[in-house]
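Quick notes on the structure that follows.
Because the structure is predicted, anything quoted here is derived from the model rather than measured. To find a chain, count down the sequence lines: A is the first, B the second, and so on, and within it residues start at 1.
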Protein chains: 2
Amino acid sequence: MPDSKQLQRIVNRSHVLQTLRVSSGISRIEISRQLGLDRSTITNLVNPLLEMSIVKVLSEGSSPSKGGRRPVLLGINENFGSILGIDLQNSSFSAVLTNLNGEILKEWRGDMKFMGLVETILRIYSLLENDINEMPVPLIGIGVGIPAIVDTEQGFVRKATSLHIRELDFNREAEGKFPVPVIIDNDANCCAWGQLERNKERRLDNFLNIIWKLHRLEGEEAPEEIEIGMGIVLGGEVYYGSGSAAGELPEDLLSRDAANIYRQSGTGWEIDEKALGIYLDKLFNFLIPIFNVFDPGEIFFGGHFTRFRSHVEKHMSGTSFKVNFPRTDELDTAYGAASMFVEKLFQTPVLKGDREGAEIREYDLFSRFEQER
Amino acid sequence: MPDSKQLQRIVNRSHVLQTLRVSSGISRIEISRQLGLDRSTITNLVNPLLEMSIVKVLSEGSSPSKGGRRPVLLGINENFGSILGIDLQNSSFSAVLTNLNGEILKEWRGDMKFMGLVETILRIYSLLENDINEMPVPLIGIGVGIPAIVDTEQGFVRKATSLHIRELDFNREAEGKFPVPVIIDNDANCCAWGQLERNKERRLDNFLNIIWKLHRLEGEEAPEEIEIGMGIVLGGEVYYGSGSAAGELPEDLLSRDAANIYRQSGTGWEIDEKALGIYLDKLFNFLIPIFNVFDPGEIFFGGHFTRFRSHVEKHMSGTSFKVNFPRTDELDTAYGAASMFVEKLFQTPVLKGDREGAEIREYDLFSRFEQER
DNA sequence: CACGTTTGTTTATTAAATCAACAATGTAAA
DNA sequence: TTTACATTGTTGATTTAATAAACAAACGTG
């Protein structure tokens with residue numbers, strides 16, 4: 001629908017928003033310099049965003065060294081809207097509410113028997129609805145992470161062993177049932193989205209985000225199930241591969257095979273160092289070649305990897321990769337699911353299809369709220 | 001230098017050229033439909049290209065089913081210019097001259113002692129110069145493939161064991177010494193570029209291109225040296241990784257380790273099936289996990305892999321990947337090097353840097369030849 | 001042969017950028 | 001204090017490149 005002229009404006013506006021997001025506290029003139037656009041163009045783009053309160057004035061900056069008018073420092077209004085991120089597992093969930101700056105406003109954890117994807121998410125949402133509505137920030141989107149192979153673009157779940165799903169058209173089934181748009185993705189990819197969000201100022205290019213996650217098995221108490229997941233970010237965007245299965249590890253490196261690492265003791269879980277060593281040998285034997293072929297700029301080890309930091313560092317010592325152990329917790333996937341939504345909000349819209357029906361991506365902030373507020 | 005308005009025109013012009021390249025024999029109106037631009041816009045973009053003879057009229061198409069004026073079918077003028085592609089090895093080279101449609105106009109093979117990168121390429125060029133100049137198509141660029149880790153964007157050779165190079169600023173050393181622009185890249189990446197060119201109508205998204213190449217060792221007669229190279233294409237573009245080393249395989253899978261596969265017999269080279277089997281087991285043990293993690297839409301096995309086709313098919317039979325054995329010959333790398341240049345000619349120009357000095361990519365066809373012809 | 005259809009061009013119009021001038025606001029030296 | 005100068009940000013005129021609309025050209029069909 002939007003013609004090429006309007007599209008240019010939309011794209012430029014999006015560039016402005018991205019710049020504001022990445023370099024919060026920047027002046028209009030500095031934006032114009034970074035984007036190579038005229039000063040007046042930025043003024044014209046920014047002012048409507050200010051009126052809509054998507055952008056806000058932070059403060060007056062100090063005047064430049066040689067004198068001159070003080071720059072007016074701008075930034076994204078992080079309270080323009082909130083995002084609900086849900087980490088959906090077989091029999092439990094966790095969830096976070098974040099603002100547009102990726103700051104956590106609220107968090108939840110709970111048990112929830114899985115009863116179909118849409119149904120379960122609806123239940124969780126109605127469980128949290130009151131909490132969300134009493135916040136001063138209105139909800140504008142939901143992101144969901146599940147242990148599955150997901151075509152996020154199409155909203156299509158290909159395969160989810162632990163949830164017993166195959167070829168589910170989520171978008172169609174969820175149509176009209178939620179008050180805000182819902183996006184789903186693989187949980188490991190969500191964590192990669194979260195890493196993109198947390199490091200947005202660094203404008204990371206290529207990195208791998210590997211997580212070590214524990215799941216309680218359905219019914220059983222112990223041992224827990226290990227999930228090793230890899231999220232791949234290339235050129236600043238999550239890479240899905242041609243079948244949405246990029247980053248999936250072989251079965252024998254996941255699940256029960258390594259379950260005897262965790263031994264139940266009197267107080268709780270205890271780690272069998274020998275079993276751990278054997279498992280990590282096998283794992284890194286697999287991973288290191290992958291690292292070499294991808295040649296990422298950085299590798300993040302999240303989740304329970306932080307508990308085995310020294311082991312990981314030993315295995316990585318032969319390589320020249322930059323290794324990173326981000327602070328992580330049980331909410332990583334939920335946080336990442338929310339981050340995914342935020343990242344998509346600020347992505348520069350492109351004509352999708354390229355071929356037929358030129359349709360704009362549906363998450364563009366300005367277009368969505370142009371009339372409403 | 002070019003402002004945002006001119007940039008839009010350049011980008012749209014580039015889209016038109018890409019469309020013409022991918023779907024040769026297309027009418028203006030059909031282009032306008034595919035790109036979502038107005039008919040008159042396409043007319044205005046195409047006509048200058050016709051005058052410059054970058055684009056040519058193919059023929060009158062048949063009139064549409066319900067009557068109406070016959071569409072004027074357009075296509076890239078493949079003879080607007082020619083590209084020299086060079087495959088540079090330690091003590092020999094091969095080269096091809098292609099037109100803009102990736103058709104081979106001429107080819108050469110020869111021995112050439114390596115004497116520094118720029119010097120050697122210059123020698124090869126002067127060797128072929130007369131042949132090239134007597135062609136009716138003017139040379140507009142040179143692409144070079146070398147067995148090395150290369151930062152193509154910067155024109156910087158990081159490491160080339162067999163050529164004894166380390167940290168060489170090619171662009172600086174070559175400055176002003178060639179009559180046309182020269183681009184260098186890793187040889188495996190070149191082959192991937194070649195595959196992109198050969199399959200341009202298919203608009204491939206993600207694929208891996210794996211080659212099995214033989215090199216004569218310096219001085220020695222036998223055994224030859226094996227080079228296994230992987231070119232990675234993601235989102236329709238060659239992926240280089242953060243250190244330009246993406247796709248590099250571990251040392252022990254290359255070189256001499258598998259040399260005893262080739263045995264010299266009375267008539268020539270003979271293959272030791274047992275040694276081959278052991279080697280391929282090891283190789284595919286390495287490759288299959290890589291395939292799974294990349295989740296490509298297709299995998300090409302080129303070079304000598306075609307001789308071991310049944311072996312490869314056996315190893316790949318457990319997977320669900322689409323396997324492809326393209327017709328290949330000794331000129332693949334050279335052809336790919338030329339293809340790389342052509343592909344870059346037709347890439348949509350983007351502001352590089354994004355941050356500072358907004359500079360346009362230097363290969364844009366129209367801009368380069370606007371005044372000249 | 002009249003009529004509808006499709007391609008492609010021409011001219012007027014429009015959207016969104018730039019350009020240039022200027023107001024506002026600051027530092028620093030005279 | 002005053003003057004000069006530097007920098008940010010806005011306003012109005014101008015330019016550019018797209019679209020829109022009308023039309024010419026070419027073709028098939030009843």
Rounded to whole Å, please give me the gap between [atom1] in [X] and [atom2] in [N].
X         : N       : atom1 : atom2 : result
Arg13(B)  : dA18(D) : CZ    : C1'   : 14 Å
Asp38(A)  : dT10(D) : CG    : P     : 12 Å
Phe366(B) : dA17(D) : CZ    : C1'   : 14 Å
His15(B)  : dA17(D) : NE2   : P     : 16 Å
Leu7(A)   : dT19(D) : CG    : P     : 10 Å
Leu35(B)  : dT19(D) : CG    : P     : 10 Å

Interatomic distance, [X] atom [atom1] to [Y] atom [atom2] [nearest 0.5 angstrom]:
X         : Y         : atom1 : atom2 : result
Met340(A) : Ile184(A) : CE    : CD1   : 8.5 Å
Leu345(B) : Ile140(B) : CG    : CD1   : 5.0 Å
Leu49(B)  : Phe80(B)  : CG    : CZ    : 9.5 Å

(message) One thing to verify: whether Lys200(A) and Glu197(A) come together as a salt bridge, which I'm taking to mean a side-chain N less than 4.0 angstrom from a carboxylate O.
(response) yes
(request) Under 4.0 Å from any heavy atom of chain B: name the first and the last nucleotide of DNA chain C that qualifies, 5' to 3'. (result) dT5(C) to dT18(C)
(request) Please name the residue in the list Glu201(A), Glu343(A), Glu78(A) that meets the side chain to side chain donor-acceptor pair (under 3.5 Å) test with Arg21(A). (result) Glu343(A)
(request) List the steps and the verdict of side-chain hydrogen bond (donor to acceptor under 3.5 Å, both in side chains) for Glu298(B) and Ser242(A). (result) CA-CA 9 Å; Glu298(B) 203 156 336; Ser242(A) 290; over 6 Å; no
(message) Within residues 40-49 of chain B, which residues have any heavy atom lying less than 4.0 Å from an atom of DNA chain C?
(response) Ser40(B), Thr43(B), Asn47(B)
(message) Using heavy-atom distances to pick each residue's nearest nucleotide on DNA chain D, tell me which of Gly68(A) and Ser27(A) is more 5'.
(response) Gly68(A)
(message) Taking donor-acceptor contacts at under 3.5 Å, does the side chain of Lys5(B) reach the base of dT15(D)?
(response) yes
(request) Taking atom CD of Glu175(A) as the centre, report whether more than 12 heavy atoms of other residues, nucleotides or ligands fall under 6.0 Å from it. (result) no
(message) Quick check: on DNA chain C, is the nucleotide nearest Val72(B) upstream (toward 5') of the one nearest Gly67(A), or the reverse? Name the residue that is more 5'.
(response) Val72(B)
(message) Do Arg39(B) and Asn44(B) pair up side chain to side chain, a donor and an acceptor below 3.5 Å, judged on atom types alone?
(response) no
(request) Classify the nucleic acid contact of Arg39(A) as base, sugar-phosphate or nothing, counting any heavy atom under 4.0 Å across all strands shown. (result) base
(request) Step by step, work out the side chain to side chain contact (heavy atoms under 4.5 Å, CB included) result for Ile232(B) and Val238(B). (result) CA-CA 6 Å; Ile232(B) 302 170; Val238(B) 173; over 6 Å; no
